[in-house]
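Take a look at the structure below.
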Amino acid sequence: MKPSVVLVNPIFAPTQKEFEETYVVHKLWEANDKAKFLAEISNDVRVVATDGGSGASAELLRQLPNVEVITVFGVGVDAVDLDYCKAKGIRVGNTPDVLSDDVADLAVALCLATYRQIPTGHEYAKTGQWETHGPMQLTSKFSGSRVGIFGLGRIGLVIARRLQGFDCQISYCNRNQRDDVEYKYFSDIREMAEAVDCLILAVAPTPDMAGFVSTDVLAALGPTGHIVNISRGLVIDEDALIEALAEKKIAGAGLDVFANEPTIPEALRSQPNVVLQPHVASGTVQTRTAMGKLMLKNLSNFLNGDELVAFVA
Ligand code: 8YV
């Protein structure tokens with residue numbers, strides 16, 4: 001008999017198709033009465049499949065007491081209740097490494113787009129303003145700037161490597177100093193923000209990091225400072241960010257992630273000095289294909305009694 005899987009939300013279509021061919025897939029997002037839906041299948045379900053945004057809450061997992069493994073389409077597991085999983089011995093597989101190149105590419109793209117105001121230039125050229133109003137206003141140079149990476153993990157390291165090509169002076173802030181890099185280390189994000197021009201958030205967040213980038217950190221970054229976030233929206237206090245942008249306490253922001261996706265507050269959307277992306281850092285066909293393969297491999301390994309290829313619990 002095919003194993004039963006609760007799929008929390010739709011995922012990359014080819015991966016979902018393979019799930020549907022291999023397993024009995026119960027689509028949670030389609031159920032109107034989720035509690036009833038889960039109660040009817042809970043005895044059979046050993047597997048939850050989900051993505052980085054939806055994860056798996058303790059409330060969901062309590063309704064599926066026979067779950068043994070969660071397989072996540074994404075590297076971020078902040079939306080999975082890891083304390084609950086550890087307490088119950090539930091394994092959690094994710095998809096690191098295969099997405100680092102794309103996420104780092106988007107981080108660099110957001111730096112360039114924000115400093116050089118690429119969307120503004122695009123609009124300016126497209127709408128004929130160049131012809132009617134003359135040359136566009138000047139922007140800011142990115143190459144050679146001082147960049148602080150909050151979270152020098154797998155993705156952060158790839159970003160740092162790319163930024164060396166832009167002659168950036170790289171600093172990082174982690175819980176612990178790494179002994180395999182020469183970049184300047186800060187144990188305190190506020191101190192790092194004060195010392196850099198551009199703050200890039202690449203941390204693998206935990207729920208307790210909510211609002212970590214606060215009014216204070218943004219003030220330390222200062223009126224010529226830029227912030228780029230490819231981590232999770234929760235890491236920035238979004239109201240503080242909106243205020244800092246509106247009052248020009250920082251120069252600009254490049255954001256791929258938001259506190260309450262897919263909703264982006266109007267006050268943020270209407271800021272002229274932000275470049276927004278709809279959480280697409282890993283969103284290329286190539287990377288999503290690789291993530292899907294890894295997600296499926298994690299699960300087949302688990303069900304065959306082998307070790308998961310990539311896991312956090
Ligand atoms: C995905 C992500 O956008 O890996 C992550 O943690 O946030 C992304 O790669 C998401 O999980 C796919 O829907």
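When a ligand or atom number is given, it counts from 1 through the structure's own listing order. Numbering of residues begins at 1 and proceeds along the displayed sequence.
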- Message: Can you tell whether the side chains of E68 and R91 come within less than 4.0 Å, N to carboxylate O?
- Response: no
- Note on the structure: Taking only non-hydrogen atoms of M291 and a 4.0 Å limit, the atoms of ligand 1 in range are 9 (O)
- Is the Y115-H226 ring centre distance short of 6.0 angstrom? yes
- Query: Should you measure from each heavy atom of R232, which atoms of ligand 1 turn up under 4.0 Å away?
  - Reply: 2 (C), 5 (C), 6 (O), 7 (O)
- Using a strict cut-off of less than 4.0 Å between a Lys/Arg side-chain nitrogen and an Asp/Glu carboxylate oxygen, indicate whether R269 and E266 qualify as a salt bridge. yes
- Between F150 and F212, is the gap from one ring center to the other below 6.0 Å? yes
- Starting from atom 2 (C) of ligand 1, locate the nearest protein heavy atom and write down its residue, its atom name and how far away it is, to 0.1 Å. H279 NE2, 3.6 Å
- Got the closest protein heavy atom to atom 5 (C) of ligand 1, with its distance? V75 N, 3.4 Å
- State, to 0.1 Å, how close S100 and I155 come at their nearest heavy-atom pair, and which atoms those are. OG-CG1, 3.7 Å
- Message: Considering non-hydrogen atoms of the protein only, which is the closest contact for atom 10 (C) of ligand 1, and what is the distance?
- Response: F73 O, 3.7 Å
- Item | Donor on one side chain, acceptor on other, D256 and N229, under 3.5 Å | no
- Message: As an exercise, identify every atom of ligand 1 less than 4.0 angstrom from a heavy atom of G76.
- Response: 4 (O), 5 (C), 6 (O)
- Atoms in ligand 1 with a heavy atom of S282 nearer than 4.0 Å: 1 (C), 3 (O), 8 (C), 9 (O)
- Item | Side chains of T287 and D102, donor plus acceptor under 3.5 Å | yes
- Query: Under 4.0 Å from any heavy atom of G52, which atoms of ligand 1 are there?
  - Reply: 11 (O)
- Plane angle bin for F12 and F73 - parallel if under 30°, tilted between 30 and 60°, otherwise perpendicular: parallel
- Item | Sub-4.0 Å atoms of ligand 1 with respect to non-hydrogen atoms of R288 | 1 (C), 3 (O)
- Message: I need the atoms of ligand 1 closer than 4.0 Å to a non-hydrogen atom of L99, numbered in the order shown.
- Response: 4 (O), 9 (O)
- Shortest protein contact, atom 13 (O) of ligand 1 (heavy atom only): D51 OD2, 3.1 Å
